[in-house]
Every structure is written in C-alpha cells, then in structure tokens.
Engineer: 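After the structure tokens below, expect a handful of questions from me.
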Protein chains: 2
Amino acid sequence: MDDKRFQKVAKALADPRRFDIFQTIATDQAGGICSGSVCETVEVAQATVSHHLKELVEADLVTANCKGQFKYFTPNHATMNEYIAELQKRLQVKATV
Amino acid sequence: MDDKRFQKVAKALADPRRFDIFQTIATDQAGGICSGSVCETVEVAQATVSHHLKELVEADLVTANCKGQFKYFTPNHATMNEYIAELQKRLQVKATV
DNA sequence: AGAACATATAGACAAATGTCAATATATCTA
DNA sequence: TAGATATATTGACATTTGTCTATATGTTCT
C-alpha cells in the first residue's frame, strides 16, 4: 500500500462521525445500505453525509453501487485488512492473532 | 478501548508527519530515542516536533522517559495492538493472521 | 554563578476540514 | 409531462490543526 492511499485511509478513519458512518456500513447485514438509510443513523445534514460517503469511497473503504435513484454502499474489508497490515509492517508491530 | 482514546489514536495516526515521527520511534532499535534525534529525522521546527510528541504521548502511542535534560521516547506497542483489535471489533473485520 | 544545551510553552497565522442551507441533477411514478 | 424522491454540488462559514518565531523553563558543565 503506497503512502498516498495509506494516508487517505488514516484520514478517513480519523473523524468520529465519518467513522460512525463507516461502522454502520461495515456492520450492515443486509448486503448494502443506501445513503438515505445512513442519513437516518447520524445527526448531520444530508449534504454532510454525502461528503463523508465520498471520502470513504475515495479511500476505498467502501464501494458504491448505484441502483436507480439509490446508491448502496458495502464495506471493502480488503482495504481495511491492507491498512492494518501496513500499520503492523511500518510500525513493526506483530500481528494480534 | 473507550471512544475517547480510540479517536485520540486515530487522530494521532492521521497526520503524515506525526506518523513519520511515530514510525521513527517505533522502529528505533536503541531502546529509546530523544527529542533532539527525532528533530534530525524530520524537516519541521523543534516546537512542531515537541507538539507532535505530546500528541503521541497523550494518545499513549509512545511513552516518555526523562533522563536529565533529555527525554527519551519508546513505542507503546500495546496501544497499537489495542487500537487494531478495536478496529477489527468495531468493523467486524477478521484478524489478518 | 554563568554559559551552553534540551525541551516546553505562548501566541500568531494559514491551511485544512466539517458543517450547513440552497440548489442542481437524476430517477421514478402517477 | 409533472411532481415526488434520492443524491450531488456549490458556496459560505466556523473550528480545528499544523506550523512558525520567540521566549521560558529546566539541566549540565566549567
């Protein structure tokens, strides 16, 4: 994982509200959650949610899937695993399990 | 790991220069690196390094050890492991190894 | 005690960032 | 085609944050 993506992910995870949104998407059991549903889980304006979702997509932490007027988001676990692996590598921390 | 510490760590890792400093401390083989040595590895003013070191200490990512006029820093791998474990728990990502 | 060195703090500043209201764009349905 | 709904974009604003210079505090050594 190159520096640019590494930093992008770190930044994406650093804002509490954005992390909440990410967590909502990551733990969703329905195979995709749309923007509107995300909005209902957090107390910020729709424009703000849209902005955070964009950041998460750009960090490749989530994947967007358009279906008509809706946009569904699914977690990209591979990116998280890569990020964690990169942290461990750069900091010479042993894997936790 | 409670919310407050979790966010503190995430923020601490999010700035590129601060991460560089953390990485320098984490990969140090000499059992402690002092502020002055950290300053030599990065291209910012001493005051800025001092500020970043403080943030790392407050996030409990590194531990400071005063010896006379010097201050030695060592990585706190436990915190990183806790942070990674917390990420995996909150995001329901399986351990990487 | 006084000079030299290591680190911390204060205060100022610019850039980045999270937020919102308003509006635009796109899609669906009656 | 019109109206309703879902999401994106624009532009503005306040806050946060990384950075610096200057200075303070604390330590060592002559």
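Worth knowing before you read on, the calculation uses all heavy atoms, side chains too, and leaves out hydrogens, waters and symmetry mates. Chain identifiers are assigned alphabetically (A, B, ...) following the order of the sequence lines, protein sequences preceding nucleic acid strands; residue numbering begins at 1 within each chain.
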Engineer: Just the rounded figure in Å: distance from C1' of dA16(C) to NZ of Lys8(A).
Structural biologist: 12 Å

Engineer: Would you say Thr24(A)'s side chain and Asp20(A)'s backbone share a donor-acceptor pair under 3.5 angstrom?
Structural biologist: yes

Engineer: Could you pull out the closest heavy-atom pair between Ala64(A) and Phe73(A), with the gap in Å?
Structural biologist: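 Scanning both residues, the minimum pair turns out to be CB-CE2, 3.7 Å.
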
Engineer: For residues Ala59(A) and Ala12(A), report the shortest heavy-atom separation together with the two atoms involved.
Structural biologist: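 Nearest heavy atoms, Ala59(A) then Ala12(A): CB-CB, 3.9 Å.
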
Engineer: Specify the separation, in whole Å, of atom CD of Gln7(A) and atom C1' of dA16(C).
Structural biologist: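 So the two atoms are 14 Å apart, to the nearest Å.
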
Engineer: Does OP1 or OP2 of dT17(D) have a side-chain N or O of Arg18(B) closer than 4.0 Å?
Structural biologist: no

Engineer: Has Thr48(B) got a side-chain N or O lying under 4.0 Å from the OP1 or OP2 atom of dG18(D)?
Structural biologist: no

Engineer: Strictly below 4.0 Å, heavy-atom distances to any atom of DNA chain C: list the hits from residues 66-74 of chain B, or just say none.
Structural biologist: Gln69(B), Phe70(B), Lys71(B)

Engineer: Parallel under 30°, tilted from 30 to 60°, perpendicular over 60°: which one fits the rings of Tyr83(B) and Phe6(B)?
Structural biologist: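 Correct class here is tilted.
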
Engineer: When you measure from the side chain of Lys11(A), which nucleotide among dT19(C), dG18(C), dT17(C) comes out closest?
Structural biologist: dT17(C)

Engineer: Is there a residue in residues 51-59 of chain A whose heavy atoms reach under 4.0 Å of DNA chain C, and which residues are they?
Structural biologist: His51(A), His52(A)

Engineer: What are the two closest heavy atoms between Arg90(B) and Gln23(A), and how far apart are they?
Structural biologist: O-CG, 3.3 Å

Engineer: Would you say Ile25(B) and Leu91(A) are hydrophobically clustered, going by side-chain heavy atoms of ILVMFWY under 4.5 Å?
Structural biologist: yes

Engineer: Return yes if some donor-acceptor pair links the side-chain N/O of Arg18(A) with the main-chain N/O of Lys11(A) below 3.5 Å, else return no.
Structural biologist: yes

Engineer: Given side chain to side chain contact (heavy atoms under 4.5 Å, CB included), test Asn65(A) with Phe70(A) step by step and report yes or no.
Structural biologist: CA-CA 8 Å; Asn65(A) 216 307; Phe70(A) 296 87; over 6 Å; no

Engineer: Decide, yes or no, whether a salt bridge links Arg5(A) with Glu86(A) under the criterion of side-chain N to carboxylate O below 4.0 Å.
Structural biologist: no

Engineer: Counting just side-chain N and O atoms, does Ser50(A) come under 4.0 Å of either OP1 or OP2 of dA8(D)?
Structural biologist: yes

Engineer: So which heavy atom on Thr79(A) is nearest to which on Asp60(A), and how close?
Structural biologist: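 So the minimum-distance heavy-atom pair works out to OG1-O, 2.6 Å.
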
Engineer: Hey, can you pull the residues of residues 32-46 of chain A with a non-hydrogen atom under 4.0 angstrom from DNA chain C?
Structural biologist: Val44(A), Ala45(A)

Engineer: Show the nearest heavy-atom pair for residues Gln7(A) and Asp15(B), with the distance to one decimal.
Structural biologist: OE1-C, 4.2 Å

